[in-house]
Amino acid sequence: MLTFEQKQAIIEEFTQLKKKEISLKRMNYHFEESLYEKTIVVEKLHPNGNGFVFIGDLLKYEKEANDKGLVNIRDYSAEALRTIIADAIEYLSEDVDDEPIIEVWVDRNRTKLELVYENRAWNVYHNDNLEEAFGTREAAVEYLREEGFRPVK
């Protein structure tokens, strides 16, 4: 487990975050350029090493996040901490009104599925029905390949 000081040093590598001291010697780190009302990326970093990173509804972290979109970083490695902070900043910087990315996949029976990136998720559709949702393109592609689908070129 990283120490409080090690976590602070990693967090402070992200120069776009601003440190604010709160009660009980804890720290919050704000991303003031957030496109959303939420600006706290690292929340309640405590000298005992406990703390949280806000990732909202990113499916990539759905198993780790609580119902407020926070992930406990107490036992995170340096690499994992850098990754989740970068993901959180990207999440708060991303305008979700972008045009979706659409890929068509087919199987041997010529059944067509669409892999669509929209609203920060990779969704698999059969016709207009959502079949599955994934936090990363890699997970969605793995699922499609396991089910016998290949991309249409």
Tyr76 and Glu64: side-chain donor and acceptor closer than 3.5 Å? yes
Is it the case that the side chain of His30 and the backbone of Glu32 share a donor-acceptor pair, with hydrogens and angles ignored and the cut-off at 3.5 Å? no
Does some side-chain heavy atom of Lys25 sit less than 4.5 Å from a side-chain heavy atom of His46? no
In terms of heavy-atom contacts, Met1 and Lys7 come closest through CG-NZ, 4.4 Å
Between Tyr91 and Phe54, how do the two ring planes meet: parallel, tilted or perpendicular, split at 30° and 60°? perpendicular
Once rounded to the nearest 0.5 Å, what's the spacing between atom OG1 of Thr136 and atom CG of Leu58? 11.0 Å
Please examine the side chains of Glu132 and Tyr143, heavy atoms only from C-beta on, and report whether any two atoms are closer than 4.5 Å. yes
Could you tell me the separation between the CG atom of Asp107 and the CZ atom of Arg145, rounded to the nearest 0.5 Å? 13.5 Å
How about Glu118 and Asn123: does a side-chain donor come under 3.5 Å of a side-chain acceptor? yes
Salt bridge (charged side-chain N to carboxylate O under 4.0 Å, His left out): which pairs involve residues 33-58, sequence neighbours left out? Lys38-Glu43
Test item: Lys18 side-chain N/O and Tyr29 main-chain N/O as donor-acceptor pair under 3.5 Å: no
Leu45 side chain reached by Asn50 side chain, heavy atoms, under 4.5 Å: no
Heavy-atom side-chain contact between Arg82 and Glu13 under 4.5 Å: yes
Is any side-chain heavy atom of Trp122 closer than 4.5 Å to a side-chain heavy atom of Leu115? yes
Would the distance check show the side chain of Asn66 and the main-chain N or O of Gly69 forming a donor-acceptor pair, the cut-off being under 3.5 Å? yes
With heavy-atom distances below 4.5 Å as the criterion, would you say the side chains of Val106 and Thr111 are in contact? no
Which heavy atom of Val53 sits nearest a heavy atom of Ala88, and at what distance? CG1-CB, 3.8 Å
